[in-house]
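Here's the structure we're looking at; comments come further down.
Just so it is clear: chains get the letters A, B, ... in the order the sequence lines come, proteins before strands, and each one is counted from 1.
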Protein chains: 2
Amino acid sequence: MTSSSPPGGSARRSRGRPAVPLDRILATALQLVDEEGAEALSMRTLAQRLESGTATLYRHFGNRATLITHVIDRVFGEVELDSSSLAEVSWDQACQTVARAMFDTLGRHRKIAPLLIEQTPTGPNAMVLRERCLAVLLDGGLPPDLAARAYATLSRYVLGFAIQLAGSGDDAERERVSTHFHDLPSDEFPATRAVADSLPVPLEDEFAFGLELIVDSLRRLRTP
Amino acid sequence: MTSSSPPGGSARRSRGRPAVPLDRILATALQLVDEEGAEALSMRTLAQRLESGTATLYRHFGNRATLITHVIDRVFGEVELDSSSLAEVSWDQACQTVARAMFDTLGRHRKIAPLLIEQTPTGPNAMVLRERCLAVLLDGGLPPDLAARAYATLSRYVLGFAIQLAGSGDDAERERVSTHFHDLPSDEFPATRAVADSLPVPLEDEFAFGLELIVDSLRRLRTP
DNA sequence: ACCTGAACACCGTTCAAGT
DNA sequence: ACCTGAACACCGTTCAAGT
């Protein structure tokens, strides 16, 4: 009650209170996840940040799951894919560009990936992204059934790695694991010890490495 | 109190109560996850199934996370990998066998995958599995740094797909998505409509498809 | 020693009551 | 119409008190 004084006599609350705009709810929710993690996105915490009450949120969303659905599609909306530049590059480069754009966006919102497990995204932005990805595969000369499988593999691949980004970026954990591997007895763990210097591999490198392997093989599957 | 009667007069509770064996805690915890999902594994629910109290669990595990760590390594212990049969097959077949064995086990415990995101598994069973996988890659002729990256890619690939198994297997959801794709306007979504009959692809097929693509490319990277 | 009940500070969700 | 406070049935975790 001490925080805000009425801004002049005229700008009074119309009736009840000004409605909380849906866009502000989603922006605040995404910000909350980015800053504090997916589990911090509780109805209470979100309502607090909006200086509102939990029941207000239930006016816009039936439950926490649908709120999350909307937050997710907001993230899909951030994927940057320039159509013209996609058309200029080779087929396999286009594949990698789409996958990387998706991965980069999810990398910018590392903490949101765990929320993506539960549902196949069917928000408007997700639909558009899938369409463009499938268009690249079909234009590249893959027959529809193979294009469908290639798309599914690629999107699962991206999502699978993106989800693991959540537990990544923790230097202390990386250090702990590396030390653990170096301290292993060489008689029981010769192979692990032999590659201990190269582990753990940063997840971003892993992603790029595997993506190249997949797209390379995919290229050979096109109609010859 | 009605469930068990003392087996003869001598086998009395030594002092206090008989300790709850750690193995029974873990078996019950895994069963709970398998039956009701990862989020059902609450300290309270687990204690209830054990006919014990939550504080008893904190005698064995400092917190819920370490309890989960132990449950996870129990699952890794179920991965079936016959050493001799691995030695008989070709290098790329061995790769696929290891990856599939891991995926199959996680498929048998679909609901545990979400718990795997947070931590790099370093339990005893996980360590042994990694060692054997790396041995295959090194024996196959990959130099250590490449073997490390190949291993990381493969294990991330398996885990990434396994995590997504959690939200899979729901026929209603598959039907919903399929219908949604078929009802799209063909002018806005020509590519999606063109492959709508082939979507969604079962996750197991996706996994096998992508795994083959990766191993195919990996085979070409060996010392020629 | 090991277990227990009760407590603390949280959740998602609902609903009668306010303006 | 839209928002609010309080309630209900849950969490993970801790701790004094029991046997």
Partner residues of Arg130(A) under the salt bridge (charged side-chain N to carboxylate O under 4.0 Å, His left out) criterion, sequence neighbours left out: none

Can you tell me which stems involve DNA chain C, if a stem is defined as three or more consecutive Watson-Crick or G-U wobble pairs, both distances under 3.5 Å? C:4-8 with D:12-16, C:12-16 with D:4-8

Over 60° means perpendicular and under 30° means parallel, so tell me whether Phe207(A) and Phe103(A) are parallel, tilted or perpendicular. parallel

Rounded to whole Å, the CG-P distance (Leu32(B) to dC11(D)) equals 10 Å

Nucleotide dT4(D), atom P - distance to CG of Leu46(A) in whole Å: 13 Å

To the nearest angstrom, the CD1-P distance between Ile68(A) and dC11(C) comes to 14 Å

In whole angstroms, how far is the P atom of dC2(D) from the CD1 atom of Ile25(A)? 12 Å

Over how many whole Å does the gap from Gln48(B) atom CD to dC10(D) atom C1' extend? 11 Å

Please name all residues satisfying side-chain hydrogen bond (donor to acceptor under 3.5 Å, both in side chains) with Thr97(B), sequence neighbours left out, ordered by chain then number. none

Using a cut-off of under 3.5 Å, enumerate the N/O to N/O pairs linking the protein to nucleotides 12-15 of chain D.
unit_1	atom_1	unit_2	atom_2	d
dG12(D)	OP1	Met43(B)	N	3.3
dG12(D)	OP1	Arg64(B)	NE	3.4
dG12(D)	OP2	Met43(B)	N	2.9
dG12(D)	N7	Arg44(B)	NH1	2.6
dG12(D)	O6	Arg44(B)	NH2	2.9
dT13(D)	OP2	Tyr58(B)	OH	2.6
dT13(D)	OP2	Arg64(B)	N	2.9
dT13(D)	O5'	Tyr58(B)	OH	3.0

Answer yes or no: does a side-chain N or O of Thr56(A) lie under 4.0 Å from OP1 or OP2 of dC2(D)? no

Would you kindly give the CZ-to-P distance between Arg59(A) and dT4(D), to the nearest whole Å? 10 Å

Is it the case that the side chains of Thr192(A) and Glu131(B) hold a donor-acceptor pair, with the cut-off being a distance below 3.5 Å and no angle test? yes

In whole angstroms, how far is the P atom of dG5(C) from the CD atom of Glu51(B)? 12 Å

Non-neighbouring partners of Asp183(B) that pass salt bridge (charged side-chain N to carboxylate O under 4.0 Å, His left out), sequence neighbours left out: none

Run the side-chain donor-acceptor check on residues 29-41 of chain B: report pairs under 3.5 Å with partners two or more places apart or on a different chain.
unit_1	atom_1	unit_2	atom_2	d
Asp34(B)	OD1	His109(B)	ND1	2.9
Asp34(B)	OD2	His109(B)	ND1	2.9
Glu35(B)	OE1	Arg49(B)	NH1	3.1
Glu35(B)	OE1	Arg49(B)	NH2	2.9
Glu36(B)	OE2	Arg49(B)	NH2	3.1

Does one side chain, of Ser83(A) or Arg132(A), offer a donor that lies under 3.5 Å from an acceptor on the other? yes

For Ala126(B) and Asp73(B), which heavy atoms make the closest approach, and how far apart are they? N-OD1, 3.1 Å

Would you kindly say whether Thr69(B) and Thr66(B) are connected by a side-chain donor-acceptor distance under 3.5 Å? no

